[in-house]
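Structure first, commentary second.
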Amino acid sequence: MSELVAGVDSSTQSTKVVVCDAASGEVVRTGQAAHPDATEVDPAEWWRALGTAGDGLRGDVAAIAVAGQQHGMVTVDDDGEVVRDALLWNDTRSAGAADELVAELGGGQPWAEAVGSVPLASFTVTKLRWLAEHEPDAAERVARVLLPHDWLTWRLLGGRGEPTTDRGDASGTGYYSAVDGAYREDLLVRAFGREVGLPAVLGPAEPAGRTADGVLVAAGTGDNMAAGLALELADGDVAVSLGTSGTVFGVSEKPVADGSGVVAGFADATGRYLPLACTLNAARVLTSTAAMLGTDLDGLDKLALSASPGAGGLTLLPYLDGERTPNLPDASGSLVGLTRANMTPADVARAAVEGMLCGLAAGLDALREHGVAVRRVLLTGGASRSAAVRAIAPGVFGTSVVVPPEMEHVAVGAARQAAWALRGGPEPPTWRAHDDGITLTPSPADLDAGAGVAEAHRTARRHLHP
Ligand SMILES: Nc1ncnc2c1ncn2[C@@H]1O[C@H](COP(=O)(O)OP(=O)(O)O)[C@@H](O)[C@H]1O
Ligand SMILES: O=C(CO)[C@@H](O)[C@H](O)COP(=O)(O)O
């Protein structure tokens, strides 16, 4: 056994920690702790969760990296104290600020060209505008703005020195150009009204420092970027992550600049780009539907799989928490096409799984339109464990779906980055010794049914949200 490295996934619902062999990537132990269920959270809760999930980290780990939920606004004052609870990526209160900022620059395309993405309510830059407008006293006290992974990385270093970030997570702020490798402080000032301290952007294998115990702390990154590192995405591979958010992303050598805002032009954690489409409603559509039907997730799977494709004509637009793609922050969900025949637990369960997947299929189409090759989809995130998701996804996505071996990909990607920082060199260590997982290939009947389901979803969406 070579040295050990730790990877942290501080995502929306929980913190997961994995400890891996630095040479092979073999996972030797894991831990997990829940986060509060809210869209604004005291960052101290993440630190507490890291302490619980990482219990046992001490002593034998040579390096660590933190991957965090993207976009969250963590504000700190001159003493390094948190000014207010962090506003998370799924907090939509800054939707009005997003509209203002887009209008001020003359539309989405100038933003996409400046920083890769059109700022929607998720993006940090819109949260800063909201803070300046709605909480001027708090805004006054802000000395620095950090992302969740930046703040946790800084805490690991004891709050000493200047905070750091990486190109991947910085690309989700709305005030960093991954193409130029530079902050667009003019856009931050436009949003917030004044300058504010920003973390230094580290290179992919550049360490942030060492903990008081001498553990090397790598740059860290955003959670989707870390999943990309773990999945070792190659040309033609597209990841679909089904966590709190649903994300669809691939890795590309060239940046995208989608002025419609559907595809965000993020950077990855290796120096390339990570075009990504994101929905606000993924795994929790299934938990909420299961709860409504008085069953658990296994029960929901059984019900969904007992119904026919298309759920007897029932379509769920699952905008339960508003929606980001399409940009409908104030939307609510709709069940369309109810009849006496399909008003059954089985059809409702099926419509929930199909509706969630259709949002991601639309993201997949948008990625294709922006030149991302889609030869197969790799499933990750909590809801990728669902038997119904695995059965229905190949038809709805219209392509082969790979279910990689069970592991926490975000945390493993962070661990791989930690191993890279430890070893150095131009490329991360090769960890793909493990097998590729299960490949699910859609039959012609699955493809037909999936196309019908996606069309019904599009029709319902056009009708209800023209
Ligand atoms: N077998 C399953 N079927 C459906 N959903 C599942 C299953 N197992 C876990 N989940 C869901 O996955 C979600 C957690 O996934 P995760 O990727 O960790 O989310 P996040 O990164 O947003 O915190 C939870 O909502 C949980 O209910
Ligand atoms: O905002 C995005 C992507 O742009 C989200 O994907 C967040 O990064 C949160 O991820 P999960 O906690 O849902 O995995």
Side-chain angles (χ1 to χ4, degrees), residues 8-16 30 32-37 39 41 46 49 53 67-73 87-92 116-124 127 147-149 168-169 171-174 221-228 239-249 261-267 274-291 295-302 304-305 320-321 324-325 349 352-353 356-357 360 363 379-392 403 406-411 413:
V8 177
D9 171 8
S10 177
S11 287
T12 314
Q13 294 189 51
S14 67
T15 297
K16 298 124 188 166
T30 64
Q32 179 154 1
H35 292 172
D37 181 7
T39 63
V41 170
W46 306 328
Q69 51 179 311
Q70 291 182 245
H71 313 297
M73 179 187 70
L87 293 185
L88 307 192
W89 66 277
N90 56 351
D91 189 293
T92 54
S117 308
V118 181
L120 307 170
S122 293
F123 285 68
T124 331
K127 299 179 190 302
L147 295 165
H149 113 255
D169 218 4
S171 69
T173 56
T221 192
D223 55 1
N224 291 293
M225 292 78 198
V240 169
S241 169
L242 302 170
T244 313
S245 64
T247 58
V248 190
F249 56 95
V262 173
V263 178
F266 296 147
L274 195 92
L276 180 150
C278 177
T279 69
L280 257 180
N281 298 283
R284 283 166 158 175
V285 174
L286 306 189
T287 43
S288 301
T289 309
T295 185
D296 58 13
L297 290 169
D298 282 346
L300 185 84
D301 277 348
K302 289 192 183 90
L305 290 172
L320 308 184
D321 287 311
R324 166 162 158 187
T325 313
V353 177
M356 175 191 74
L357 291 174
L360 293 155
L379 272 191
T380 180
S384 68
R385 298 188 187 102
S386 154
V389 164
R390 291 177 182 190
I392 297 169
V403 183
E406 171 87 33
M407 69 175 77
E408 293 293 346
H409 289 108
V410 174

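Keep in mind the model is a prediction, meaning the values are calculated, not measured. Counting starts at 1 for both ligands and their atoms, following the listed order.
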> Atom CE in M73, atom OG in S122: separation rounded to 0.5 Å?
Replying inline: 13.0 Å
>> My understanding is that we take every heavy atom of each candidate and find the minimum distance to atom 6 (C) of ligand 1. Doing that for S245, G382, S288, which one comes out nearest?
In response: G382
>> Taking G68's backbone N and O only, do any of them form a donor-acceptor pair with S10's side chain (distance below 3.5 Å, no angle check)?
In response: no
>> Could you identify the single nearest non-hydrogen protein atom to atom 5 (N) of ligand 1 and state the distance to 0.1 Å?
In response: A383 CA, 3.5 Å
>> Check for me whether Q13 has a heavy atom closer than 4.0 Å to any atom of ligand 2.
In response: no
> Any idea which atoms of ligand 2 are less than 4.0 Å away from a heavy-atom of R324?
Replying inline: 1 (O), 2 (C), 3 (C), 4 (O)
> Taking distance alone, with no angle check, do L242 and ligand 1 share an N/O pair under 3.5 Å?
Replying inline: no
> Does K16 come within less than 4.0 angstrom of ligand 1, counting non-hydrogen atoms of the residue?
Replying inline: yes
> Counting only heavy atoms on the protein side, is anything nearer than 4.0 Å to atom 9 (C) of ligand 1?
Replying inline: yes
> Taking N or O atoms only and a 3.5 Å limit, does T12 qualify as a polar contact for ligand 2?
Replying inline: yes
>> Tell me the nearest of S386, A387, S241 to atom 3 (N) of ligand 1, using heavy-atom distances.
In response: S386
> Hey, is the main chain of A264 close enough, under 3.5 Å, to the side chain of S117 for a donor-acceptor pair?
Replying inline: no
> Quick check: does any side chain N or O of K127 sit under 3.5 Å from a backbone N or O of A121, one acting as donor and the other as acceptor?
Replying inline: yes
> Sub-3.5 Å donor-acceptor pair from the side chain of H35 to the main-chain atoms of W46, do we have one?
Replying inline: no
> How far is atom 5 (C) of ligand 2 from its nearest protein heavy atom, and which residue and atom name does that atom have?
Replying inline: S245 OG, 3.4 Å
> Which is it for T287 and ligand 1 at heavy atoms under 4.0 Å: side chain, backbone, both or neither?
Replying inline: side chain
> Which ligand 2 atoms are under 4.0 Å away from a heavy-atom of T247?
Replying inline: 6 (O)
>> For the residue pair T39 / N90, report whether a side-chain donor-acceptor contact shorter than 3.5 Å exists.
In response: no
>> Taking 4.0 angstrom as the limit and counting only heavy atoms of S11, give me the atoms of ligand 1 inside it, by number and element.
In response: 20 (P), 21 (O), 23 (O)
> Backbone or side chain, does any N or O of D9 fall under 3.5 Å from an N or O of ligand 1?
Replying inline: no
> Any idea which atoms of ligand 1 are less than 4.0 Å away from a heavy-atom of G381?
Replying inline: 17 (O)
>> One residue to check: R284. Relative to ligand 2, which of side chain, backbone, both or neither has a non-hydrogen atom less than 4.0 Å away?
In response: neither
>> Is the shortest side-chain heavy-atom distance between T244 and R284 below 4.5 Å?
In response: yes
> Tell me, which protein residue and heavy-atom name are nearest atom 1 (N) of ligand 1, and how many Å apart are they?
Replying inline: R385 CB, 3.5 Å
> V240 and side-chain contact (heavy atoms from CB on, under 4.5 Å): which partner among L360, T247, V389?
Replying inline: L360
> For V410, does its backbone N or O pair with a side-chain atom of D223 as donor and acceptor, under 3.5 Å?
Replying inline: no
> How does T244 reach ligand 2, if at all, at less than 4.0 Å between non-hydrogen atoms: by side chain, backbone, both, or neither?
Replying inline: both
>> Closer than 3.5 angstrom, by distance alone: can the side chain of T15 be matched with the main-chain N or O of Q32 as a donor-acceptor pair?
In response: no
>> Side chain, backbone, both or neither: which applies to N224 and ligand 2 if a contact is any heavy-atom pair less than 4.0 Å apart?
In response: side chain
> To which protein heavy atom is atom 13 (C) of ligand 1 closest, and what is the distance rounded to 0.1 Å?
Replying inline: A283 CB, 3.6 Å
> In the protein, which heavy atom is nearest to atom 23 (O) of ligand 1, and how far is it?
Replying inline: Q13 N, 2.8 Å
>> Counting only heavy atoms closer than 4.0 Å, does ligand 1 sit against the backbone of T244, its side chain, both, or neither?
In response: both
>> As an exercise, identify every atom of ligand 2 less than 4.0 angstrom from a heavy atom of F266.
In response: 4 (O)
>> Below a 4.0 angstrom heavy-atom separation, can you tell me which part of D223, side chain or backbone, both or neither, approaches ligand 2?
In response: side chain
> For D321, does its backbone N or O pair with a side-chain atom of N281 as donor and acceptor, under 3.5 Å?
Replying inline: yes
> Atom CE of M225 and atom CG of L274: how far apart are they, to the nearest 0.5 Å?
Replying inline: 5.0 Å
> Heavy-atom distance under 4.5 Å between the side chains of M356 and L286, does that happen here?
Replying inline: yes
> With backbone taken as N, CA, C and O and side chain as the heavy atoms from C-beta onward, which portion of H71 lies under 4.0 Å from ligand 2: side chain, backbone, both, or neither?
Replying inline: side chain
> Are T12 and W89 close enough that a side-chain donor and a side-chain acceptor fall under 3.5 Å?
Replying inline: yes
> Taking atom OG of S386 and atom CG of L379, what is their separation to the nearest 0.5 Å?
Replying inline: 9.5 Å
